[in-house]
Amino acid sequence: MGLLTILRKMKQKEKEMRLLMLGLDNAGKTTILKKFNGEDISLISPTLGFNIKTLDHRGFKLNVWDVGGQKSLRSYWRNYFESTDGLVWVVDSADKRRLLDCKRELHSLLQEERLSGATLLVFANKQDLPGALSADDIRQILELDEIKTHHWQIYHCSAVTGENLLEGIDWVIDDIASRIFTMD
Amino acid sequence: MAGVFDDVVTCKTAAENIRLQKQITEKLYQRDTERLAEVDRKKSERLDHRSEKESASYFSATFANERAIIEKKLEDTNTVPNSQLIDHFDSLLLSWQNLQRFVSHSTLFLSSYEVRSSMEILNSLQKKIKMKRDSAIPKKKFAFKGQKKFDTSGNIKPAELVEGQLKKTSIQDTAFQAMDCGFSDRIGETLHVDNSEIFEKDVSLSRLKDCIMKLHGSPNTLHIDKLQGCKVFTGPVFTSVFIDSCKDCTFVIACQQLRMHTTSDCDIYLHVTSRAIVEDSKGLRIAPYNYRYDGLDEDYKKSRLNRETNNWDDLDDFNWLASDKHSPNWSVLSDEQRVKTWEV
């Protein structure tokens, strides 16, 4: 019995997953988290630090870490990488001028060794806004097709209306589950 | 007896286990060092690659170089023997396509101006090649045969490819250019914009100097970038205002959320319903929003901003995390220093 198997067994008992939610400031990370948890989203201010929520979803215990995206906080992102099962990258689809920034940050994250095993879910958020780019445009601009090192998927969504949030999270859960909770 | 036998077995398995364990840890350790080395190697490779290839100067140099090669080849057409003309033009077309691919790959880090101008150069090059080709290899009157030749020379496929790339480029182009409404690169102007122009739009103001901007209406978002010595007045903004790299300005702003980055020495007359944050900024002075213009009340209703909640005097400074001491980067503008009424 190898170490990995033991770890797998331990995780299986609790069915616990750790999701790390990152993205540029004003992407809507906190709003997604709160909406998903059924909380009020009308008075959300920029995240100074981070939020942690533990959610029970489909029999899994999700530890979701939502870390502020301001430039000065990005250097702290690394502190949250350890034992992350899934990375949720949130994009403000209407903020065209910072998509390059967004691409750069994402690709530098993906080079992080401690995130090397993590599943990547990209949320093309703010689809409710007029002028928001489609998930397909975002996929091209962020050059997601270049990513060979991680399982990834992009979902368009709107944190304000809640559209497609569940589908995205479900995909990430399924992907992680198939990886770490072997059905033996 | 049975007990002794059991002990022997356990002993054996224990020894075996230790051996196995050792083997495994050794193997693991070895693999780990190999992997680390590989990661390091890849990282440095990528860094080298990137810094070299993702700069505008590298782009312009390479682009100019390739362009010169193509033009030289084009000029040399007259010296090429007739029998090799087709091959000659094929190779010309191929280098042109490579150049175009290079441009479309580079669009992500180029300014829209550079992209546009290089696209124009590409277009004119393509035209030149075509003209030269038409004059050097005149089309036969009966075109069937010629067209077949065109087919077999494998030109159709690259042409399709090129079209695909063009499409991709144009998507990226529009992605970065398509702002609904904006003003940029002006000096010393006074601009007055009313609601019909900006209502529910993404408005951008960038690279302005000593200008006065009066936005009498409700944009959806407002992006303010690289302003110096300007005064900006706006009606209630639906969602967020983003101010970046401004200096010596006055902003009179109502919005749901305000973010200020690398901005210094500005006065902000603010109505914010959620929260304002500052980052890498200093010398900011804050006062409550006090702008008035005809139709302000109506714009407030349309923008659904709550007039009752205003957190103007509670900024979060991301560079000042101590809660017991006030951030040195911003202060509240005292009553005497505030401008009481703005001339509209």
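Basis for what follows: all heavy atoms, side chains included, without hydrogens, waters or symmetry-related copies.
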Region of L28(B) in contact with chain A, defined by heavy-atom distances below 4.5 Å:
neither
Closest approach of N26(A) and R259(B), non-hydrogen atoms and distance?
ND2-NH2, 3.2 Å
Okay, Q70(A) and chain B: the region with an atom under 4.5 Å from a heavy atom over there is both
Rounded to the nearest 0.5 Å, what separates atom CG in D92(A) from atom OG in S240(B)?
7.5 Å
Distance from F318(B) atom CZ to T47(A) atom OG1, nearest 0.5 Å?
7.0 Å
R304(B) atom CZ: more than 12 heavy-atom contacts under 6.0 Å:
no
Crowded around R114(A) CZ? As in, over 12 foreign heavy atoms under 6.0 Å?
yes
Supply the atom-to-atom distance D244(B) CG to R98(A) CZ, rounded to the nearest 0.5 angstrom.
8.5 Å
Take a 6.0 Å sphere around NE2 of H150(A) and say whether it holds more than 12 heavy atoms from other residues, nucleotides or ligands.
yes
Could you look at D95(A) and say if it's the side chain, the backbone, both or neither that has a heavy atom under 4.5 Å from chain B?
side chain
For the atom pair CG (L129(A)) and OG1 (T221(B)), what is the distance rounded to the nearest 0.5 Å?
8.0 Å
Could you check whether atom NZ of K282(B) has more than 12 heavy atoms from other residues, nucleotides or ligands sitting under 6.0 Å from it?
no
Using non-hydrogen atoms and a 4.5 Å limit, figure out which bit of N311(B) sits close to chain A: side chain, backbone, both or neither.
neither
Among residues 272-280 of chain B, which residues come closer than 4.5 Å to chain A, judged by heavy atom distances?
T273(B), S274(B), R275(B), I277(B), E279(B)
In sequence, state the C-alpha distance, the side-chain angles, and the governing distance for Q111(A) and K42(B), and then conclude on side-chain contact (heavy atoms from CB on, under 4.5 Å).
CA-CA 9 Å; Q111(A) 288 172 25; K42(B) 273 195 180 155; over 6 Å; no
So does R41(B) have more than 12 non-hydrogen atoms from other groups sitting under 6.0 Å from CZ?
yes
Just how far is it from atom OG of S108(A) to atom NZ of K43(B), taken to the nearest 0.5 Å?
10.0 Å
Find out whether the Lys NZ or Arg CZ of R97(A) is both under 6.0 angstrom from the six-membered ring centre of F242(B) and within 45° of the ring's axis.
no
Using the side-chain contact (heavy atoms from CB on, under 4.5 Å) rule, take Q257(B) and I44(A) through it: C-alpha gap first, then chi angles, then the decisive distance, then the call.
CA-CA 9 Å; Q257(B) 188 187 94; I44(A) 290 175; 5.8 Å; no
